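Treat the numbers as computed from the prediction; the structure is a model and nothing was measured. Throughout, protein chains are lettered first and strands after them, A, B, ... in sequence-line order, and every chain is numbered starting at 1.
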Amino acid sequence: MVNGCCWRHEETIVEQRELEQWFFRITNYADELLRDLEKLDGWPEKVRTMQRNWIDRSDGALVDFAVVPKDEDRRGPRYSPVILNLTETMLEPSPDEQKIAVFTTRIDTIFGATSLQLAPEHPLVAQFSEEHPDLKKKVRELLEEQKVAKEKGDLAILAKEGVATGRFATNPFTQEAIPIWVANYVLMDYGTGAVMSVPAHDERDFEFAKKFNLELKIVILPRRSNEGDQDNAEPLLPYTQEDSLLINSGPYTGLGCEEAQTQMVAFAEKQGFGKASTTFRLKDWGVSRQRYWGTPIPMIYCDKDGLVPVPEDQLPVLLPDSIAITQEGGSPLSRVPEFAQVKCPKCGGMARRETDTMDTFVDSSWYFYRYTDPKNTRAPFDTDTVAYWFPIDQYIGGVEHAILHLIYSRFWTKMMRDLGLVKNAEPVERLFTQGMVIKNGAKMSKSKGNVVSPDDMIASYGADATRMYALFAAPPDRDLDWQEDGVAGISRFLSRVYRFAMQAMPRVIAGRSQSLPPTLNPLERQLMRKLHQTLRRLTQEFDGRWHFNTCIAAIMELVNELTADEKTIASGGVADSVLYAITRNLVLMLQAFAPYLSAELWQQMAEDTPLLRAAWPTFDEALAAEHVLEVPVQINGKLRTVVSVPAGSDGELLRATAEHDPKIQAALAGKEIVKVVLLPGKLVNFVVR
RNA sequence: GCCCGGAUGGCGAAAUCGGCAGACGCAGCGGACUUAAAAUCCGCAGGGAGCAAUCCCAUGGGGGUUCAAGUCCCCCUCCGGGCACCA
């Protein structure tokens, strides 16, 4: 939607209509969806936080406020109706006892409640305003404001407006009658659509009360932090800290907030006007869509039998093939009689099929289960087959799915588990969210169209270079600002690998049948060390962070060493068997990044096993180990030189070597050594005065 | 407003546990090869001072902890993302 119009048809105004819709009761799973996030330690913390905020559990209480019957005008002198000119005719007798349930997380502040605020859509509002056109008109305005702001997404900055209904309700704790208002900041779809307003201790109520001159009652005070502090220093209002003490609260005065909450809920429960309650921000999942492309909702409306589910042996309901897509609006399926008209499965009489289709998020919630058993014609999948494969070890997707898709599919899994269809409680063990590709500030996505196309790059440099370049540009969990510069370097690198390997090829092939020399010459040892360091690096990275950019850098370092000694290698400075080991492993490592080149080289090497079946090479810690270590030497934490010591030598040797270094001797001359930080193999730091 | 990320050379980035900041590339500069160019190869390359050895400064800004901070702690700025009168 753009400016209240369709984003594709800028002249088409988007309007809201009341529709009867199908919902999935995901709220039944809200608590479990929230709790199980704790177990998903293979998921990024970011995603778990986003889901937590989306579900947003609030623990509080429901409290009933009894509506004062119309004829009992118990308005005290403090309360005067605002805005409305109340007339005598409004005070007519009304026999029915009515209650307004309120959800609050701060029942401890209830002695400070000075009004009730209802959402404009609250059912009682319609009743209260029935015979009062002025009130009715004002409520309509409030509702309209709220709706517009909601659509624009700036509800939070909507100026608070409201109107008194002229009616009152009794605070069950104080027995005081407080006025009932309608306010545009109260939402019908959260909690009960009614709140108790405690202006002294709630930001929003405070703002509203200031604007309409409603009474403020302070009922909590900060705890004294020091003995000498004044006891009831008045806090800056609104004061919302929960680590506080109650005042002006009858029998609860003097209690801490938390203790008061417990006791007050217990009292409300005992008296039957309230109870502990938990509310979630998560709403039920509306799945009805009035469009053709979607899974039909398998329900049938029969005049005699009412709502009848399509029997299992008639599932799935298939979409009709012949359909005319008109511009008429409404569900196109409802205009296909052979689809919409159906016999009632119960009585066999004429009935009407539901023509709404389901949200496509429904499909994406479980498609991966079908993958485990794609040829099953009796059921979507077999439970035991799914049990073998699930949960998914590793799932990769964009952060943009952190909330909707990934909550829906978690819900779907739990729902199927409760139906006995699957045995796992969570669909995905480990989740990896790759960053987005950004081009000049615009993000790439399906809905916005692909801003960047790799086609040109593939045409000029090939698929290997393009793929490898994308992996080299940044680690995959980070957003990537797409630039074309740099792919040339990758292309050059791949050419270098090819040239080197092809030149070495005859000897590589010869080396396969030879065993490694019993002792390696210095160059052989150096190259084998680099090879095994590279293998170690990649093995660890594949198993851990997936920072493929550094993997590629490591392979480049290896190749740089190889090509630096290319001439020596070519003239036989390295045994054929060593050359074979290096080339073979190089190709195996490169396979992940440049599969086509690797396949080509593998074929040239005439290996027996297909490349894709070849095992990932193991690295040899002993071969990877450095024998001489370069250790930095600092004076007062500043680098002064680097000394070489044999690997495994102790701190004393390191210290002696460092002290004998001419630069260090010069720097230490005439100074007093206060302390020496010695980390064998790592660092020396002389602290001097 | 709240909750997450992020900020490092001209550019993409690296530094995985507090221990040599800038690996590996791109772009650039100098050289070799060439009639010439392309390709390739060799070298230089954070900033500043100095003939030089060398020294100083430097990871968005300010403070702190530490022998030692891109990394830990506190405050702030900017950028990106998510949520937002949620009672």
- How would you label the contact of A/K663 with the nucleic acid (heavy atoms, under 4.0 Å): base, sugar-phosphate, or nothing? sugar-phosphate
- Item | Spacing between A/E557 atom CD and B/A15 atom C1', to the nearest angstrom | 12 Å
- Message: Between A/T279 and B/A87, is there a contact of a side-chain N or O with OP1 or OP2 at under 4.0 Å?
- Response: no
- Task: Remember a base hit wins even if backbone is also touched, and classify A/S58 as base, sugar-phosphate or nothing at under 4.0 Å, heavy atoms.
- Result: sugar-phosphate
- Query: Of the nucleotides B/A87, B/C56, B/U16, which has the atom closest to the A/R640 side chain?
  - Reply: B/C56
- Query: Hey, does A/R52 reach any base, or is it just sugar-phosphate, or nothing, if we go heavy atoms under 4.0 Å?
  - Reply: nothing
- For B/G25, take OP1 and OP2 only and decide whether either is under 4.0 Å from a side-chain N or O of A/N560. yes
- Residue met sooner reading RNA chain B from 5', once A/R496 and A/I552 are mapped to nucleotides: A/I552
- Is any side-chain nitrogen or oxygen of A/R106 closer than 4.0 Å to OP1 or OP2 of B/C86? no
- With a non-hydrogen cut-off below 4.0 angstrom, is A/A159 in contact with a base, only sugar-phosphate, or nothing? base
- Query: So, do A/F212 and A/W181 have ring centers that fall under 6.0 Å from each other?
  - Reply: yes
- Would you tell me if any nitrogen or oxygen in the side chain of A/R492 comes within less than 4.0 Å of OP1 or OP2 on B/A27? yes
- Ranges pairing with ranges for RNA chain B, where each run has three or more Watson-Crick or G-U pairs under 3.5 Å: B:1-7 with B:77-83, B:10-12 with B:24-26, B:28-32 with B:40-44, B:46-49 with B:54-57, B:60-64 with B:72-76
- Query: B/C20, B/A87, B/G19: which one has an atom nearest the side-chain heavy atoms of A/Y190?
  - Reply: B/A87
- Task: Syn or anti for B/G70, please, going by whether the chi angle lies within 90° of 0.
- Result: anti
- Where the chi angle of B/C72 falls, syn if within 90° of 0 and anti if not: anti
- Query: Quick one: on RNA chain B, does A/T105 or A/Q540 contact a more 5' nucleotide (nearest heavy atom)?
  - Reply: A/Q540
- Message: With a sphere of 6.0 Å drawn around NZ of A/K211, does it hold more than 12 non-hydrogen atoms of other residues, nucleotides or ligands?
- Response: yes
- Would you mind classifying the nucleic acid contact of A/G489 as base, sugar-phosphate or nothing, using non-hydrogen atoms under 4.0 angstrom? sugar-phosphate
- Should we count CZ of A/R35 as having more than 12 external heavy atoms under 6.0 Å? yes
- Have a look at A/R537 and say if it touches a base, only the backbone sugar-phosphate, or nothing, with a 4.0 Å heavy-atom cut-off. base
- Its contact letters, B for base, S for sugar-phosphate only and - for none at protein heavy atoms under 4.0 Å, make nucleotides 63-71 of chain B read ----BS---
Please list every donor-acceptor pair under 3.5 Å in which a side-chain atom of residues 106-113 of chain A meets a protein atom from a residue at least two apart or in another chain.
| residue | atom | partner | partner atom | Å |
| --- | --- | --- | --- | --- |
| A/R106 | NE | A/D108 | OD1 | 3.1 |
| A/R106 | NE | A/D108 | OD2 | 3.3 |
| A/R106 | NH1 | A/T240 | O | 2.9 |
| A/R106 | NH2 | A/D108 | OD2 | 2.9 |
| A/D108 | OD1 | A/Q261 | NE2 | 2.9 |
| A/T109 | OG1 | A/R106 | O | 2.8 |

- Which of the following nucleotides, B/C85, B/A14, B/C20, is nearest to the side chain of A/K160? B/C85
- Mark yes or no for whether A/H122, through its side chain, and A/L124, through its backbone, hold a donor-acceptor pair below 3.5 Å. yes
- Looking only at B/C83, B/C24, B/A87, the nucleotide nearest the A/F472 side chain is B/C24
- Just checking, is any N or O donor in the side chain of A/N184 or A/E145 under 3.5 Å from an acceptor N or O on the other one? yes
- Determine yes or no for a side-chain-to-main-chain donor-acceptor pair under 3.5 angstrom, with A/D284 supplying the side chain and A/T27 the backbone. yes
- Which one, B/C26, B/C83, B/A87, comes nearest to the side chain of A/R281? B/C83
- Please work out if A/E541 contacts a base, only the sugar-phosphate, or nothing of the nucleic acid, heavy-atom cut-off 4.0 Å. base
- So A/W546 and A/F432, would you call those rings parallel, tilted or perpendicular, with 30° and 60° as cut-offs? tilted
- Item | Within 45° cone of A/Y185 ring axis and under 6.0 Å: A/K160 NZ or CZ | yes
- Looking at A/Y408 versus A/W285, is the centre-to-centre ring distance below 6.0 Å? yes
